[in-house]
Amino acid sequence: MKAGTQAQATIEVDASPTVLYDLVSDVRRMGEWSPECRRAEWLGGAIGPAVGAEFKGRNSHGVARWSTKSRVVTADPGAEFAFVTGHLGRDMTRWSYRFDTLASGTHVTESFEMLRDLPWYFRLGDRLLMGVKDRKGDLETNMRETLRRLKGASEDRRRMS
């Protein structure tokens, strides 16, 4: 993927923007929603979402296993949670979750934007280790699944309260 490549997925959820923000911004729970991220942990003494806080995500897809170091760039409770992932000390991808209030709940949008061209060895790994020919399409599918799982968890939580 080239710098500037973007994609997004959206879903309507019967939960408040604040509840959804709290779920998504607790990166330790990302493994519950994401088909690719298995778990994440705050780094450097961070205990929650704040601009500049860093976390490490552990991911898998096919036989590929890797970790990413991410930095929170937006932490606006009930509105947006965003972070950048890096590679070799440079920002690579910006990920965002936006929460817009609806009369019946919240419109949630997950998106990404490539900030730099994906290195050739990542593209090779996508094909050989993950079996993915269209990484953008694969990420779009993953975002839809992430949002579907988030919806299920947040609406189940609401029914249980």
Side-chain angles (χ1 to χ4, degrees), residues 1 5-43 46-50 53-86 92-115 118 122 125-126 129-161:
M1 286 186 290
T5 301
Q6 300 178 34
Q8 69 177 29
T10 61
I11 197 167
E12 291 184 20
V13 182
D14 185 15
S16 75
T18 303
V19 164
L20 292 161
Y21 174 89
D22 288 348
L23 290 171
V24 167
S25 66
D26 182 355
V27 299
R28 298 167 302 170
R29 296 192 66 188
M30 190 53 70
E32 295 175 42
W33 335 122
S34 172
E36 201 165 271
C37 178
R38 298 299 173 228
R39 68 180 189 274
E41 59 199 25
W42 294 108
L43 298 173
I47 58 171
E54 294 181 326
F55 62 95
K56 182 177 188 174
R58 289 178 171 48
N59 309 292
S60 68
H61 191 303
V63 297
R65 305 283 182 269
W66 72 97
S67 63
T68 59
K69 185 175 178 183
S70 301
R71 183 181 75 260
V72 176
V73 294
T74 305
D76 188 357
E80 183 180 13
F81 177 69
F83 57 92
V84 292
T85 60
M92 180 66 67
T93 310
R94 183 182 191 277
W95 289 90
S96 172
Y97 293 85
R98 287 190 325 275
F99 310 95
D100 298 304
T101 303
L102 301 170
S104 61
T106 303
H107 188 250
V108 183
T109 302
E110 179 181 6
S111 63
F112 77 86
E113 178 182 3
M114 295 302 300
L115 303 174
L118 198 62
F122 280 28
D126 290 349
L129 299 175
M130 295 192 299
V132 173
K133 293 180 183 175
D134 175 11
R135 185 63 166 141
K136 180 181 181 238
D138 183 61
L139 290 172
E140 289 170 324
T141 298
N142 287 349
M143 288 188 297
R144 287 191 298 274
E145 180 62 17
T146 297
L147 293 180
R148 187 190 67 74
R149 291 176 182 178
L150 178 65
K151 175 183 175 80
S154 61
E155 290 178 353
D156 286 349
R157 176 181 171 183
R158 183 178 173 132
R159 280 190 286 276
M160 297 173 114
S161 328

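Values below: all heavy atoms of this structure, side chains included; hydrogens, waters and symmetry mates excluded.
Here side chain to side chain donor-acceptor pair (under 3.5 Å) pairs that include residues 102-115, with residues two or more places apart or in two chains, are Y97-E110. Among pairs with a residue in residues 62-82, those fulfilling salt bridge (charged side-chain N to carboxylate O under 4.0 Å, His left out) read E54-K69, R71-D91, E80-R94, at least two apart in sequence or across chains.
For the side-chain contact (heavy atoms from CB on, under 4.5 Å) with D22, the lone residue among V19, T18, L20 that qualifies is T18.
Partners of D26 according to the side-chain contact (heavy atoms from CB on, under 4.5 Å) rule, which considers only residues two or more places apart in sequence or in another chain, are R28, R29. Evaluation of the side chain to side chain donor-acceptor pair (under 3.5 Å) rule for Y21 yields no partner, not counting sequence neighbours. For R38, the side chain to side chain donor-acceptor pair (under 3.5 Å) partners two or more places apart in sequence, or in a different chain, are S60. With sequence neighbours left out, the side-chain contact (heavy atoms from CB on, under 4.5 Å) criterion links T141 to R144. Remark: W33 engages no residue in a ring pair (Phe, Tyr, Trp, His ring centres under 6.0 Å) (not counting sequence neighbours). Take N59 and apply the side chain to side chain donor-acceptor pair (under 3.5 Å) test, not counting sequence neighbours, and it matches no residue. With sequence neighbours left out, the ring pair (Phe, Tyr, Trp, His ring centres under 6.0 Å) criterion links F55 to W42, F83. Judged as a salt bridge (charged side-chain N to carboxylate O under 4.0 Å, His left out), and not counting sequence neighbours, E12 has no contacts. For K56, there are no salt bridge (charged side-chain N to carboxylate O under 4.0 Å, His left out) partners, not counting sequence neighbours.
Separation of atoms CE (M30) and CD (E32) is listed at 10.0 Å; rounding is to 0.5 Å. Interatomic distance, L147 CG to S34 OG, rounded to the nearest 0.5 Å: 10.5 Å. Atom CZ in R98 sits 11.0 Å away from atom OG1 in T74 (nearest 0.5 Å). Atom CZ in R135 sits 9.5 Å away from atom CE in M114 (nearest 0.5 Å). Interatomic distance, CH2 of W95 versus CE of M143, reported as 5.5 Å (0.5 Å rounding). Taking CD of E36 as the reference point, atom OG1 of T68 lies at 9.5 Å (rounded to 0.5 Å).
With 3.5 Å as the limit, one finds a donor-acceptor pair spanning the side chains of D138 and H61.
Between F112 and T85 the shortest side-chain heavy-atom distance does not fall below 4.5 Å. Counting only heavy atoms from C-beta outward, the side chains of L150 and V13 never approach each other to under 4.5 Å.
For the pair P77 and A75, the tightest heavy-atom approach, listed with the atom from each and the gap, is CD-O, 3.3 Å. Closest approach of F99 and P17 over heavy atoms only: CB-CB, 3.9 Å.
With S154 contributing its side chain and K151 its backbone, the two residues share a donor-acceptor pair below 3.5 Å.
Atom CZ of R39 sits in a sparse spot, with 12 or fewer heavy atoms from other residues, nucleotides or ligands closer than 6.0 Å.
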